[in-house]
Amino acid sequence: MRTTYAVIAAFVSGVVLVGVADALNPQWNWVEEMASHFVNGTAGWLIPTALVLFGAASATVTAVVLGSPGRSATGVWLMAGWSLGLLVAAVFPADPPGQWDRPPSTAGLVHGIAGMLAFVLLPSAAVLVTRRVRVRSRALVLAAAASVVATALYLVTWVDVLDGPTLTFGGFEKVTGLTERLLLWADLIWLSTVCVVLRRPAGRM
């Protein structure tokens, strides 16, 4: 169970770092702005550090799935792509908020592509891996479903911003920051759950 504890600790630590970055940069609202943009603010190093934690822990979960019986080979490759995407996004910082109307920098473009690919790959991996896991787990199924739903919600709000924000919530002009964080949390929950399930094959969840 040490691997599971280490994975969950890394995920929780990363989420806390993102939350601290949000709190230290009140000039940007975390409901509206995606977490990656906060690399340009106070204590910006918190964001790439969180991404490295997420990527490294995800790679560990990928190794756990790879060593499990009845694994989905495609699912494993997709999980590896997710992990790599997070690590690449950590190396190449996002551009500051409010620059949707101008060409992105090279680093910003690489970050955006890597991050988007990661977010698209993980829910597909969640579905494939969950279907092949031999230990039946209702929690794992629900976590995979949450990842898929959260991805769809995020993509809708992300596409909306490209053409100018039209989907509003309360007094917020856009909600891509909120939907991105919900997607991240859903993905991390699935990764944590599959690690627990595979490390406790005799258990029921």
Side-chain angles (χ1 to χ4, degrees), residues 1 3-5 7-16 18-19 30-31 34-36 50-51 53-86 89 114-161 167 169 174-205:
M1 291 295 292
T3 299
T4 302
Y5 293 145
V7 164
I8 294 176
F11 286 156
V12 171
S13 297
V15 170
V16 170
V18 172
W30 65 270
V31 174
M34 291 182 282
S36 297
L51 289 173
L53 287 172
F54 295 150
S58 295
T60 300
V61 179
T62 302
V64 170
V65 174
L66 180 62
S68 66
R71 63 184 178 276
S72 166
T74 302
V76 169
W77 278 108
L78 293 175
M79 290 179 67
W82 150 270
S83 304
L84 179 60
L86 292 178
M116 183 57 66
L117 285 176
F119 278 138
V120 172
L121 293 178
L122 200 278
S124 301
V127 172
L128 293 174
V129 172
T130 299
R131 291 181 60 186
R132 296 293 296 273
V133 169
R134 292 186 177 180
V135 180
R136 295 300 91 194
S137 169
R138 180 177 299 178
L140 187 59
V141 172
L142 291 175
S147 176
V148 172
V149 172
T151 300
L153 180 62
Y154 170 68
L155 289 176
V156 168
T157 58
W158 180 76
V159 171
D160 173 72
V161 170
L167 297 176
F169 179 79
K174 56 184 184 291
V175 292
T176 44
L178 175 60
T179 57
E180 181 203 40
R181 286 164 176 78
L182 290 175
L183 170 56
L184 177 62
W185 299 338
D187 288 343
L188 298 182
I189 288 172
W190 179 81
L191 287 162
S192 300
T193 305
V194 75
C195 192
V196 170
V197 168
L198 294 179
R199 283 295 180 176
R200 297 178 57 188
R204 295 286 182 179
M205 294 186 65

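For the numbers below, each heavy atom of this structure counts, side chains included, while hydrogens, waters and symmetry mates do not. Computed from a predicted model, the values in this text were never measured in an experiment.
The minimum heavy-atom distance between Ala126 and Thr130, with the atom names listed, is O-OG1, 2.6 Å. For Ala35 against Glu180, the heavy-atom pair with the smallest separation is N-OE1, 2.7 Å. Closest heavy-atom contact between Thr193 and Ala139: CG2-C, 4.1 Å. Across all non-hydrogen atoms, the minimal contact from Leu188 to Val15 is CD1-CG2, 3.7 Å. The nearest pair of heavy atoms linking Leu53 to Ala10 is CB-O, 3.9 Å. Shown here for Ala114 and Gly85, the closest heavy-atom pair between the two residues is CB-O, 3.6 Å.
Rounding to the nearest 0.5 Å gives a distance of 8.5 Å between OG1 of Thr157 and CE of Met34. Atom CZ of Phe54 is separated from atom OG of Ser13 by 9.0 Å, given to the nearest 0.5 angstrom. The line from CG of Leu122 to CG of Leu191 is 5.0 Å long, rounded to the nearest 0.5 Å. Interatomic distance, Leu182 CG to Asp187 CG, rounded to the nearest 0.5 Å: 11.0 Å. To the nearest 0.5 angstrom, Leu183 atom CG is 11.0 Å from Leu178 atom CG. Note that the OG atom of Ser68 and the CG atom of Leu198 stand 5.0 Å from one another [nearest 0.5 Å].
Proximity of a side-chain donor or acceptor of Thr60 to a complementary backbone N or O of Ala56 within less than 3.5 Å is detected. No side-chain donor-acceptor contact under 3.5 Å links Arg71 to the backbone of Val65. Between the side chain of Arg181 and the backbone N or O of Trp30, at least one donor-acceptor pair lies under 3.5 Å. Judged by distance alone, the side chain of Thr179 and the main-chain N or O of Thr176 form a donor-acceptor pair under 3.5 Å.
Partner of Thr151 under the side-chain contact (heavy atoms from CB on, under 4.5 Å) criterion, chosen from Val149, Leu155, Leu153: Leu155.
Using a 4.5 Å heavy-atom cutoff, the side chains of Trp190 and Val129 are in contact.
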Side-chain donor-acceptor pairs under 3.5 Å in residues 75-84, sequence neighbours left out?
{"from": "Trp82", "atom 1": "NE1", "to": "Ser58", "atom 2": "OG", "distance (Å)": "2.8"}
{"from": "Ser83", "atom 1": "OG", "to": "Ala59", "atom 2": "N", "distance (Å)": "3.3"}
{"from": "Ser83", "atom 1": "OG", "to": "Met79", "atom 2": "O", "distance (Å)": "3.0"}

